[in-house]
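In this text the structure is predicted, and so the values were computed from the model without any measurement.
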Amino acid sequence: MASNWTERISAFCCSPSGFLSGTNPDAFLAELLRELRDDRASYGVKVLLLSPLCEYPTLLCSSESVGEETALDLMSVFTQCPPRSSQFRCHLLVALTSVLVCSSCVSNRSRASLDFIDLLLQICQDTSDLDGDGTQRCPRATACDCLCEIEASCPGLLSQRLELLAGLRQQETSWLHQAFAGLQILVLRNAVYQLTKQTGAGAAHLKALLDGNTSVAWEADQEAFHMVTKDSAIQSSLILGPMGRVPTLHTGPDCKELRSVLSSLLEESYLLTPLCQAALFRRLTEVVAMVPGIPPTIFRAQLLRLLGTNEVCLLHVTLMMKCAFTDSLFSAEDEAFLLKRLVVLSQHPLLSTPEKLFYMDCILHFPENRPINCGDSDEALPVLLTPQLASALLPTVFNDSATLLARLHLQALVFLEEGEEEGRGLAYIYDHLTALLHIVDRGGSRDIVVTFFRAAFLFLFYFQHVEGYSARLSEQLCQLYLQHTQLAPHILNLVDKTLERLPECNWALGLLQGLQRVISMAPLGQLTLRDLSCHLKVLARVAEEGKISQCSTLGFLSAVITQSSSLLCTSGDWRLGNGVLGVCRRVLLHPSLDSLLIPLADILQHLTCYYGDTDIQDHARLYYTLLTTLSREKLSVVLAQSAAEGGGQVKKRTLSCVMAESEGLTNILTVHHTEQPVFQLTEALSGLQQEMENLQLSQDEGDKALESYRAQFSESGFASQIMLKYHLTHTEPHDPRFEQIFSICLHFSLTDDHYEQLQDISVPCLFRQRPPPVVQLTLKPRRPYPTTIHVSAIFTSKDGLTWHTTMPDVHVEFQQAFLPLPVPLSWSRASRQDVFEGLWEEFCSEMGDCIISLFCCQLREAALKALVEKHFLPFLVSDLSQEDELRVLLFLPPRSHVLLKISSKEDATQFNMATDTRQLLPHMNSYLLTVTSSRDESVR
């Protein structure tokens, strides 16, 4: 039994939805609970049985009622479980919490959830083993964690238990003290937040909550409780910005009870781990922020310890406290010390790179006592961060990429703030950028290359207005490109990002002009095909800028394609030819096209006549025709990508789509996928299809009929196929893009090995307005069983795009494999009956796979005759007028037979069956059950 449950739970955890699809979730849950109550099962197995309830409670407990019933069963198991089985009791508590929370029992305050909370509090108060071996500490810790989970999912539920929780924390001397402290501050924070949302709540209500006086304490009605529970603010931090956004509870100066609780928690905070301390201080900060009657100076005694911490979480919560209370808690000296400490930690050699990056980010978002910039997300340097203090964070080439960029960003802000645009600070940053450029020039790694271009963008983002440095950078980038043309994508990306973030800056245009100049002046004798490919990409980008003259670009293209030793035309490289056409296409759209008409026409004409690739020649001829026959306005319209006009219309491709490496060509070469099936195969209503062998056998075969019939199977492929006809039709709702479909290729995938693999079928076209074409599937069975065939198709839409669609599955039913006896048409009925008799005698011997069976049903004589005429007439070997017994012979390729003797008795209609393939009987029985039960009751 244990191994069975292990396999079932493993299968459930691997695929919960798939496992439950094969069984009833309620039945599976009932089995789990029954096994948990079984005393014979080991606790190891029971812990395994709880895993589905802990990990997937919503699948097993789909409603509140099911969740409550399950929780009651689990609490019953917990009650009967002996205390020594502490591990199992802990797992039970976790499972109970998951079920009650996920089934909404807790949020609706069901009876079971309230009883469970009482049970958890009783476990937390159980100190009977203080002098023992401590076996109860694990269930107590688990109970505390469960209470935290319940309070977090349903804030305020434990607000009436604050006095009890405070007592538990104060009395606890073990490591559980930390868990109880975290639970108390969480409940206190949620209780105070609830009071801030209630009209008229004040000091008396807060005091009543802290004292546990439920008769005087604020009591929320059910509607108010749900309203506060759904408040998104209570699930997140309240310290997100200026203190004016935090809801407040006006209690006046009389807050002795709350001050006492907070002081007690603060005095014991040093006993907690750093993470728990950070969580405690975060909640305490929120409570003090919501109660103005408590001064922030209550944290003063802990501040010295927090300012000197080396724990990331504690330093982060200290910054949150500073953001919340500013100069109410932190003096100017504290602020200066904290900033200097962040600077030191940002370059401490013993810290990891992520920690140092975190501290630098804290500097950029430092919460000042008197901030100048009140934005929540804008990066701004604190006033106290001077260039002298920030000099400790100057970038070096030995820094890793992330640290280098972060330091460069910080220094740029420092020097920009100080206005030292012509001083040593900016010179140092540019020298550092130049050093990176030299490393790239000497073959730096890809990481160094990316770092350099990011650093260059940062420099331009802050100092593009310093013309001296920006001009030098542009010149150096042009020279770097000439030496390393493979950097073209990085340089063009820098240009695009600069134009995107700094649209009014002319530096990017100046860089493009410089690149155009150095490319056109480069010696052609040293030009390689790889360099030419990069040059063409850069020039294509330059041609997109209407403010840049394209005369030198066309001069370069003309020189490249017309020189006597031109590698371009003689090689006939398709990609390079497309690169040239890409530049020409952009020049065709240039505002100064009129002045470029003659040189551009010469280039296109030369490509048309002499380029070594026919496709490039055709495209060049097209562009030449457009250039010489259309006005500039019409040319722009023709070449521009056309948008769809009106909803539902298909986008028309323009002549620009013939341009290689353009978006249009990429769109054409891509196989797109439809979201829904476009068409389907529906069974065509037609007669039986089979290929009958025209064997010349006489009608007086007599006793040799069966032998002659058997002899036919010696021929390879005899009667081994089934022909099924389907209509190819559109699905609904129809998509206007697919009203007309061409070049359809249907692909079939089998889901089992019962049939041979099907060949793809081609259909020329499918129009919605025309009759659907007929598709004939040729199935070659290995075993004539029912099967399912997956169908997909690739086709072309009327706009020339190629699409792939998944079609609905084709289900081949058992009866579709039925064929009449495969004998020549010249055979008489007597010969067919002889074959039937011979086969029946063989099958009744039940040798091998042969077997006989009986199927009975209630059918009147008229109903039986109608059934035979509808379903078995093509397979009938006896005369239909024969009243005592009807004989039906079903042939199922490749060599299976099912023989039926149908007769009416006084009490029932009998279908005596005999077959040479016993595996067919279940399918035949199911088929007979279907056809007999579908007859109209009135004729039975």
Between side-chain atoms of residues 492-506 and protein atoms elsewhere (two or more places apart, or another chain), which donor-acceptor pairs fall under 3.5 Å?
from	atom 1	to	atom 2	distance (Å)
Asp496	OD1	Arg541	NE	3.0
Asp496	OD1	Arg541	NH2	3.1
Thr498	OG1	Leu494	O	2.6

ring-ring contact (aromatic ring centres under 6.0 Å, His included) partners for [X], two or more places apart:
X      : result
Phe453 : His490
His432 : none
His590 : none
Tyr624 : none

### Query
Does the side-chain contact (heavy atoms from CB on, under 4.5 Å) test come out yes or no for Val583 and Val542, once each step is laid out?
CA-CA 9 Å; Val583 179; Val542 172; over 6 Å; no
[X] vs [Y] side-chain heavy atoms within contact, under 4.5 Å:
X      : Y      : answer
Phe452 : Leu480 : yes
Tyr469 : Phe459 : yes
Arg530 : Gln486 : yes
Ile491 : Val538 : no
Arg586 : Gln550 : no
Pro395 : Gln411 : yes
Val288 : Phe299 : yes
Phe366 : Glu335 : yes

Over all heavy atoms of both residues, which pair between [X] and [Y] is shortest? Give the atoms and the distance, please.
X      : Y      : value
Leu460 : Ser470 : CD2-CB, 4.5 Å
Pro296 : Ser328 : CG-CB, 4.0 Å
Ser346 : Arg407 : O-NH2, 4.1 Å
Val397 : Ala435 : CG1-CB, 4.0 Å
Leu589 : Ser636 : CD2-CA, 3.8 Å
Leu338 : Leu307 : CD1-CD2, 3.9 Å

### Query
Any ring pair (Phe, Tyr, Trp, His ring centres under 6.0 Å) pairs touching residues 506-529, not counting sequence neighbours?
none
### Of all pairs that satisfy ring pair (Phe, Tyr, Trp, His ring centres under 6.0 Å), the ones with a partner from residues 522-549, not counting sequence neighbours
Tyr481-His535
So, taking the atom named [atom1] in [X] and the one named [atom2] in [Y], what distance separates them when rounded to the nearest 0.5 Å?
X      : Y      : atom1 : atom2 : value
Lys537 : Leu539 : NZ    : CG    : 12.5 Å
Ile363 : Leu384 : CD1   : CG    : 12.0 Å
Leu408 : Arg454 : CG    : CZ    : 13.0 Å
Ser520 : Leu515 : OG    : CG    : 10.5 Å
Gln347 : Tyr359 : CD    : OH    : 12.5 Å
Ile519 : Leu527 : CD1   : CG    : 10.0 Å

### Task
Output, in order, the C-alpha distance, side-chain angles, deciding distance and verdict of side-chain contact (heavy atoms from CB on, under 4.5 Å) for Asn399 and Thr396.
CA-CA 6 Å; Asn399 296 134; Thr396 68; 3.2 Å; yes
### Task
Only pairs at least two apart or in different chains count here, so list each side chain to side chain donor-acceptor pair (under 3.5 Å) that has a residue in residues 440-453.
Ser401-Asp447, Ser401-Thr451, Asp441-His484
### Thr326: side chain to side chain donor-acceptor pair (under 3.5 Å) partners, not counting sequence neighbours
none
#### Entry: Sequence-distant partners of Asp334, side chain to side chain donor-acceptor pair (under 3.5 Å), two or more places apart
Arg300, Ser331
### Test side-chain contact (heavy atoms from CB on, under 4.5 Å) applied to Gln302 and Gln277, step by step
CA-CA 11 Å; Gln302 308 295 327; Gln277 285 187 58; over 6 Å; no
Is there a donor-acceptor contact under 3.5 Å from the side chain of [X] to the main chain of [Y]?
X      : Y      : result
Arg341 : Thr309 : yes
Asp618 : Asp615 : no
Glu368 : Val383 : yes
Thr485 : Leu482 : no

Kindly list each side-chain donor-acceptor pair under 3.5 angstrom involving residues 593-611, sequence neighbours excluded, with atom names and distances?
from	atom 1	to	atom 2	distance (Å)
Ser595	OG	Ser592	O	2.9
His606	NE2	Ile561	O	2.9
Thr608	OG1	Leu604	O	2.8
Thr608	OG1	Arg621	N	3.3
Tyr611	OH	Asp573	N	3.4
Tyr611	OH	Asp573	O	2.4
Tyr611	OH	Gly577	N	3.1

### Task
Would you confirm whether the ring centroid of Phe330 sits within less than 6.0 angstrom of the ring centroid of Phe325?
no
#### Entry: Verdict with reasoning, Thr434 to Asp431, per side chain to side chain donor-acceptor pair (under 3.5 Å)
CA-CA 5 Å; Thr434 304; Asp431 290 342; 5.0 Å; no
### Message
Angle between ring planes, His316 versus Phe358, binned at 30° and 60°: parallel, tilted or perpendicular?
### Response
tilted
### Message
Checking Leu389 now: which residues fulfil side chain to side chain contact (heavy atoms under 4.5 Å, CB included) with it, not counting sequence neighbours?
### Response
Leu339, Lys340, Val343, Leu385, Thr386
